[in-house]
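Working notes, structure below.
Only heavy atoms go into these numbers, but all of them, side chains included; no hydrogens, no water, no symmetry mates.
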Amino acid sequence: MPQQTAPQADAVWNLYWANFLLDESGVLYARGGTSDAPCGVETGESPAGYVRGWSPVLNNVASLYSNGRTTAALQSGGTLWAWGLLPGGTTAYAPVRVMDGVRDASPAGYAVKADHALYAWNGEGETGE
């Protein structure tokens with residue numbers, strides 16, 4: 001079986017369309033992806049949203065959420081990023097900053113802020129409680 005070099009892993013997610021790996025220092029790496037469900041790395045190559053080898057996506061990642069077409073990553077400082085099919089129907093191939101001060105989130109477009117308020121987001125920032 002061929003081996004592929006990968007960063008040292010602290011956590012790994014194997015989705016049907018992409019693989020994500022979180023290293024010990026909080027760097028999120030991705031491999032794979034499709035134009036409909038991108039991996040979070042924009043290479044400018046075809047197909048859009050696909051990378052062959054492990055490529056860094058974001059630093060200081062504390063958790064990752066995905067529903068298959070939308071992926072959201074929460075950084076340890078509370079910044080929420082998302083890519084893929086964003087609420088509102090746009091597709092982002094690389095992470096888009098959604099909002100700050102987040103405790104928990106979902107790729108379906110909801111975030112719990114540090115003050116425990118529930119917000120809906122559309123990939124372009126807060127839309128309300």
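Atom CG of Leu22 sits about 10.0 Å away from atom OH of Tyr29, to the nearest 0.5 Å. Residue Leu58 holds its CG atom at 6.0 Å from CG of Leu28, rounded to the nearest 0.5 Å. One finds the CG atom of Leu80 at 9.0 Å from the OG atom of Ser106 (value rounded to the nearest 0.5 Å).
Residues Ser66 and Trp17 are in side-chain contact: their nearest non-hydrogen atoms beyond the backbone lie under 4.5 Å apart. Counting heavy atoms from C-beta outward, Phe20 and Thr71 have side chains that approach closer than 4.5 Å. By the 4.5 Å heavy-atom criterion applied to side chains, Trp81 and Val96 are not counted as neighbours.
Tracing side-chain contacts under 4.5 Å through hydrophobic residues (I, L, V, M, F, W, Y), one never reaches Tyr50 starting from Trp54; they form parts of separate clusters. If you chain together hydrophobic residues whose side chains sit under 4.5 Å apart, Val98 and Val102 fall into the same group. Cluster annotation: Leu64 is connected to Val57 through the hydrophobic network of ILVMFWY side chains, with a link wherever side-chain heavy atoms come within less than 4.5 Å.
Judged by distance alone, with hydrogens and angles left aside, the side-chain atoms of Lys113 form no donor-acceptor pair with the main-chain N or O of Asp104 at under 3.5 Å. A distance-only check finds no donor-acceptor pair linking the side chain of Gln75 to the backbone of Ala62 [under 3.5 Å].
Here the shortest heavy-atom pairing between Gly40 and Pro95 reads O-CD, 3.0 Å. Of all heavy-atom pairs between Trp83 and Ala94, the closest is CB-O, 3.6 Å. Listed here is the closest heavy atom pair of Gly33 and Ala18: N-CB, 3.7 Å. Shortest non-hydrogen contact noted between Asn67 and Thr70 is OD1-N, 2.9 Å.
Residues Tyr65 and Ser63 have side chains that bring a donor and an acceptor to within less than 3.5 angstrom of each other. Remark: the Ser76 side chain and the Asn60 side chain contain no N/O donor-acceptor pair separated by less than 3.5 Å.
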